[in-house]
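Reviewing the structure listed below.
So you know, we letter chains A, B, ... as the sequences are listed, proteins then strands, and number each from 1. Values in this document were obtained by computation on a predicted structure and should not be read as measured data.
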Amino acid sequence: MKIASWNVNSLRVRLPQVLDWLATARPDVLAMQETKLVDEDFPEVDFEAAGYKAVYAGQKTYNGVAFASRLPARDVTIGIPDFDDPQRRVLAATYGDVRVINLYVPNGQSVDSDKYRYKLDWLDRLTGYLQHALEHYPHLVVLGDFNIAPEDRDVHDPDAWRGQVLFSEPEHAAFRRLLALGMCDTFRQFDQAEKSYSWWDYRMNAFRRNMGLRIDHVLASHALCKSCVASAIDTEPRRSERPSDHAPVVAEFNVRGVRD
DNA sequence: ATGGCGCGCGCAGCGCGA
């Protein structure tokens with residue numbers, strides 16, 4: 001079972017690239033973030049024509065999360081339970097015997113902003129939700145745009161970024177708390193090239209210079225981690241014309257019940 | 001020297017992302 005995460009930065013603009021990538025990479029499940037579409041405008045028919053079912057939770061202009069999958073989703077839920085948040089940032093569904101939770105974690109803007117406070121509060125709420133989810137679903141994948149670079153090796157210039165949003169100690173502590181619930185970062189279960197990142201600023205030729213951050217993650221419960229056979233960042237779509245600023249992250253698990 | 005780029009909205013230039 002191949003599960004991927006991709007912040008597409010507007011599905012309206014990126015749809016052709018997403019469909020191309022699905023045809024090439026053939027994931028069983030793709031979790032998308034920043035679709036920036038209301039549900040009425042979601043291009044469900046285009047995914048169906050490509051052999052993928054879609055579920056989505058969008059809003060006008062900002063945020064928005066969605067799944068595309070080869071088999072239909074079961075038990076779809078939107079948002080964090082008992083957390084009244086109009087921002088569409090969380091979508092969960094079950095595929096086979098794997099529960100998948102798709103996240104678009106708030107950016108935070110800067111450490112002295114109200115948005116940073118919202119981010120930390122939001123991560124607290126998420127922690128409670130995931131603790132509950134892990135008790136109910138031994139096979140749990142939590143993936144998406146976390147807007148946190150966990151370690152020095154996930155940042156092109158850690159000394160310049162230290163203490164800044166995406167790389168501050170409170171965010172690191174929140175990320176460690178998520179892992180401590182009983183999950184692994186699948187990417188770090190395997191040997192990886194140095195300077196592996198999932199996001200590069202559009203400005204300053206950052207991608208060409210590989211000035212990036214690894215902020216998109218695929219976490220898995222310990223039971224699933226044991227059956228994880230690969231986890232990698234696919235930088236190919238970032239090279240194309242009008243790319244998203246994020247690259248897809250793909251993890252593969254040896255579990256049955258998902259492919260036809 | 002806080003811009004730089006890309007997106008949405010909407011028709012000028014701003015808010016936002018990371």
Point to revise | side chain to side chain contact (heavy atoms under 4.5 Å, CB included) evaluation trace for A:Q109 with A:V165 | key: CA-CA 7 Å; A:Q109 195 167 60; A:V165 72; over 6 Å; no
Practice item. Any strand is fair game: report the nucleotide pairing with B:dG13 by Watson-Crick or G-U wobble, both distances under 3.5 Å, or none. Key: B:dC9
Review point. Quick one: on DNA chain B, does A:P243 or A:Q109 contact a more 5' nucleotide (nearest heavy atom)?
Key: A:P243
Point to revise | C1' gap between B:dA12 and B:dT2, integer Å | key: 22 Å
Review point. Of all the choices, B:dC9, B:dG17, B:dC7, which nucleotide is nearest to the side chain of A:T61 once you look at every atom?
Key: B:dC9
Exercise for review: Hey, which sits more toward the 5' end of DNA chain B by its nearest nucleotide, A:K36 or A:W161?
Suggested key: A:K36
Practice item. Grab the CG-P distance between A:D112 and B:dT2 for me, whole Å please. Key: 16 Å
Check your understanding: Roughly how many Å is it from CZ in A:R203 to P in B:dG6, rounded to a whole number?
Key -> 10 Å
Exercise for review: Scan side-chain atoms only and decide if A:S113 and A:Y118 contain a donor-acceptor pair under the 3.5 Å cut-off.
Suggested key: no
**Study point:** Gap in Å between the two C1' atoms, one belonging to B:dC14 and one to B:dG3, rounded
**Key:** 15 Å
Check your understanding: What nucleic acid atoms does A:N205 come within less than 4.0 Å of, heavy atoms only: base, sugar-phosphate, or nothing?
Key -> nothing
Check your understanding: Reckon A:Y104 touches a base, only the sugar-phosphate, or nothing at all at heavy-atom distances under 4.0 Å?
Key -> sugar-phosphate
**Study point:** Interatomic distance, A:Y202 OH vs B:dC16 C1' [rounded to whole Å]
**Key:** 13 Å
Revision key, fill the gap. Taken to the nearest whole Å, CZ/A:F207 to C1'/B:dG4 is 18 Å
**Study point:** Euclidean distance, atom OH of residue A:Y62 to atom P of B:dA18 [Å, nearest integer]
**Key:** 12 Å
Practice item. Please state the P separation for the pair B:dG10 and B:dG6 - nearest whole angstrom. Key: 22 Å
Exercise for review: Would you indicate what A:K119 reaches in the nucleic acid, counting non-hydrogen atoms under 4.0 angstrom: base, sugar-phosphate, or nothing?
Suggested key: nothing
Review point. Counting side-chain heavy atoms from C-beta on, which of B:dA18, B:dG4, B:dC7 comes nearest to A:M204?
Key: B:dG4
Review point. For B:dC16, does either OP1 or OP2 sit under 4.0 Å from a side-chain N or O belonging to A:K115?
Key: yes
Review point. Taking atom C1' of B:dG6 as reference, at what distance in whole Å does atom CG of A:L11 sit?
Key: 16 Å
Review point. Donor-acceptor pair under 3.5 Å: do we get one between A:D201's side chain and the base of B:dA18?
Key: no
Check your understanding: In terms of heavy-atom contacts, does NE2 of A:H172 have more than 12 from other residues, nucleotides or ligands at under 6.0 Å?
Key -> yes
Check your understanding: Could A:R214 and A:Y197 be counted as a cation-pi pair, given that NZ or CZ must be under 6.0 Å from the ring centre and within 45° of the axis?
Key -> no
Exercise for review: Choose from B:dC7, B:dA18, B:dG10 the nucleotide whose nearest atom is closest to any side-chain atom of A:V13.
Suggested key: B:dC7
Practice item. Quote, to the nearest angstrom, the P distance that separates B:dA1 from B:dC11. Key: 37 Å
Practice item. Choose from B:dC7, B:dA18, B:dG8 the nucleotide whose nearest atom is closest to any side-chain atom of A:R242. Key: B:dC7
Check your understanding: Of the candidate nucleotides B:dG8, B:dG17, B:dC16, which contains the atom at the shortest distance from the side chain of A:E34?
Key -> B:dG17
Practice item. Establish, yes or no, whether a centroid distance under 6.0 Å links the rings of A:Y52 and A:F67. Key: no
Check your understanding: Of the nucleotides B:dG17, B:dC7, B:dA18, which has the atom closest to the A:N9 side chain?
Key -> B:dC7
Revision key, fill the gap. Rounded to whole Å, the CD-C1' distance (A:Q59 to B:dG15) equals 14 Å
Review point. Can you list the steps and then say if A:F253 with A:H139 is a ring-ring contact (aromatic ring centres under 6.0 Å, His included)?
Key: CA-CA 10 Å; A:F253 301 91; A:H139 286 180; 9.1 Å; no
Study note, to complete from the structure: To the nearest angstrom, the CZ-C1' distance between A:R89 and B:dC16 comes to 11 Å
